[in-house]
Protein chains: 2
Amino acid sequence: MPERRDSIRRDSRAGQPPTLRDVAERAEVSAMTASRVLRDDPRVLPATRDRVRAAAAALGYRPNVVARSLRLGRGTGLVGLVVTNLANPFYSRLALGVDSVVAADGLKTVIGNTGQDLDGERDLVADLVARRVDGIIAVPAGSDQRHLAAAASEGVPVVLASRPPDGFDADCVLVDDFGGARDATARLLSRGHRRVGFLGSPPAVYTGTERLRGYTAALADAGLPADTRLVSQGQTEPAEAERAAARLLALPDPPTALFCSNNRNTIGAFRAIRATGTDTALAGFDDFELADALGLPLTLVAYDSDELGRTAGRLLVERIRERRGGCAAPAGGEKADDGPVAPMPPRRVVAPTGLVEYGP
Amino acid sequence: MPERRDSIRRDSRAGQPPTLRDVAERAEVSAMTASRVLRDDPRVLPATRDRVRAAAAALGYRPNVVARSLRLGRGTGLVGLVVTNLANPFYSRLALGVDSVVAADGLKTVIGNTGQDLDGERDLVADLVARRVDGIIAVPAGSDQRHLAAAASEGVPVVLASRPPDGFDADCVLVDDFGGARDATARLLSRGHRRVGFLGSPPAVYTGTERLRGYTAALADAGLPADTRLVSQGQTEPAEAERAAARLLALPDPPTALFCSNNRNTIGAFRAIRATGTDTALAGFDDFELADALGLPLTLVAYDSDELGRTAGRLLVERIRERRGGCAAPAGGEKADDGPVAPMPPRRVVAPTGLVEYGP
DNA sequence: CTGTTAGCGCTTTCAA
DNA sequence: TTGAAAGCGCTAACAG
């Protein structure tokens, strides 16, 4: 009694989007044939195909990719991107780079903005896994990466950006934090500065500590001692950085130059210097828009954050392809041949940095 | 012969994430019971519940939300956000605002960056619909909105940001483009300027034309004619804007002031003014970071783009709730009572703007 | 070339 | 309290 069933369908589903069966009924074929037509399977009579196409168009049919991906057992065509602050141009450019690469593979990017909330980050990653994303690119906020390790161990490819994996294997794409910071600090020293202050993000952030190491190394290379009173870590936003810089500049024996570990701190330091009217020299990590327009000599460690994102995207896409290929071994075949195909070893790409000078 | 089936499962699914049935088998209960436990259904014996929980933990089980949403017929818990350029702080802040609101409802944001590509935008929207997102927030790049109209007509709630719907009904959240531009231009005129140039985005962009209207209205209010030679539309990036501004400044009778319809153009104009060394006055739409640091008097039309995003998110969430509620009428009930519940009429929220002055 | 059967992972309905 | 059956929308695998 299929007729009865059909009428039930029609009644209860009013307003719902049309399904493949609606199309099939209208074209008077089986769902299978409709499916074939809509996936451009050639093994369909042209006349039938046209009928199905017409029906689909008339109904405004859209294939349900959720159902499809469930059936195929493949991924969902989504990649998760986990960042702390999209409003920071570094992250938005990274996101753009990632999206441009994965989009070329038909993948969409789900952005999760955690806003420094570590618990939120854990939940977010868990949710992305539950959503069966095909892979995750993350810039973890803190030093605990167990949630990412868990995701990776469940078979979800994970790529870290701007931090190395800690406690598990994963691809990552890094910036030469140490070298960039050392070079920029050395540049300040080569201009005769002997008291150089440091402003940076919270110590838990990998890039922050690496850049602090680079700063310290440059001082050591010049035979200068590290003066902890000149080091201020923990500033996340320009306003905090401005206050911290003002404190350093108000010391009895203030620094004659400042090195900042990221663009948020550089901008804050710039404001503090301008406000106090000193001619403190300024250097920082991250190039940023209008850095050339500040009317101050400025040395910046520049790198391509779009490219960072693109590289992360490429690494992830390769892993996703690898997984697809790796699982394709048909049931009973000669699988003992080469086992489950040894996966690529974890890769680590380090993006180079360069110094940029902006004049007054 | 269920045993045989099980062994097949176990073999062929090696490496795949565990399913509810894997959990059920391990706990020696039916899939149904496992399902109930994992959704905290109280109608399960504590002992059984503990067994199931233990099995799930041991296996590292994660519910497959894709399968769940397919079964429930509800949405996927995703909202699509369609923008042209995430690297523009306006869009990244908008995205942040949207995400913060929808995340509170357990929804994730899928960002689609179209990069001004109109075809790409159409495909993207189609794909979001095929992915069965619960709703779409869009800042369309061009003037053609038929793809959004199609999505809306298929029952996907659509909210437009920063442009009104054209040719269909949808909620939208706008900025007071006309008023803001008129006020800023009037401010320039009140300082005695009589030749005010205009730099703006391509004419197809709604905000661009509205802001041009505001500029023109301010001129008319002051009894000044509109001089088309002082109007340059079509610049999307600062570099283009800089060239266009330079052209205006090189006219035999150059403008003494410039009004720019967005931050990209304002930044370009700033560079041109600084390069030519004139003391051209500058005003523009959009506040931006470091605008106070340019060493030039600057009048900006400011508004809260986070709040714009949050408002868009709120409007969308309300529509999504409405849809959920509206479809909840159980099969045969007293549905003739109030029909399909009249939907809210389309809403239009206009965010206010204010003028900000930055000094030299 | 077309249709039938079965099932992806989950949950609603109904029966035990 | 628990389970069996059915099916969300779609498609591989096999008929015919």
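To find a chain, count down the sequence lines: A is the first, B the second, and so on, and within it residues start at 1.
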| note | Counting primed atoms, P, OP1 and OP2 as sugar-phosphate and everything else as base, the B/S/- map of nucleotides 11-16 of chain D against protein heavy atoms under 4.0 Å is BBB---
Salt bridge (Lys or Arg N to Asp or Glu O under 4.0 Å) partners for [X], two or more places apart:
| X | answer |
| --- | --- |
| Arg49(A) | none |
| Asp166(B) | none |
| Asp117(B) | none |
| Asp99(B) | none |

Under the side chain to side chain contact (heavy atoms under 4.5 Å, CB included) rule, collect the residues that match up with [X], sequence neighbours excluded.
| X | result |
| --- | --- |
| Ala103(A) | none |
| Arg122(A) | Asp119(A), His147(A) |
| Glu28(A) | none |

| What residues, two or more places apart in sequence or in another chain, satisfy side-chain hydrogen bond (donor to acceptor under 3.5 Å, both in side chains) together with Thr48(A)? |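 Here no residue qualifies.
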Side chains of residues 66-80 of chain A: which donor-acceptor pairs under 3.5 Å do they make with residues two or more places apart or in other chains?
{"unit_1": "Ser69(A)", "atom_1": "OG", "unit_2": "Val66(A)", "atom_2": "O", "d": "3.3"}
{"unit_1": "Thr76(A)", "atom_1": "OG1", "unit_2": "Arg132(A)", "atom_2": "O", "d": "2.7"}

| task | State whether Asp171(B) and Arg314(B) are salt-bridged, where the test is any N-O pair (Lys NZ or Arg NE/NH1/NH2 against Asp/Glu carboxylate O) under 4.0 Å. | result |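 So Asp171(B) does not pair with Arg314(B) through a salt bridge.
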| Quick one: bend of the helix from dC1(C)-dG16(D) to dA16(C)-dT1(D) from 5 pairs per end, to 10°? |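 For the helix from dC1(C)-dG16(D) to dA16(C)-dT1(D), the axes at either end differ by 50°.
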| Any residue of residues 45-54 of chain A with a heavy atom less than 4.0 Å from an atom of DNA chain C |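 Within residues 45-54 of chain A, the residues near DNA chain C are Leu45(A), Thr48(A).
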| task | Could you tell me whether the phosphate oxygens of dG9(D), OP1 or OP2, come under 4.0 Å of any side-chain nitrogen or oxygen in Thr19(A)? | result |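 So the side-chain polar atoms of Thr19(A) never come under 4.0 Å of the phosphate oxygens OP1 or OP2 of dG9(D).
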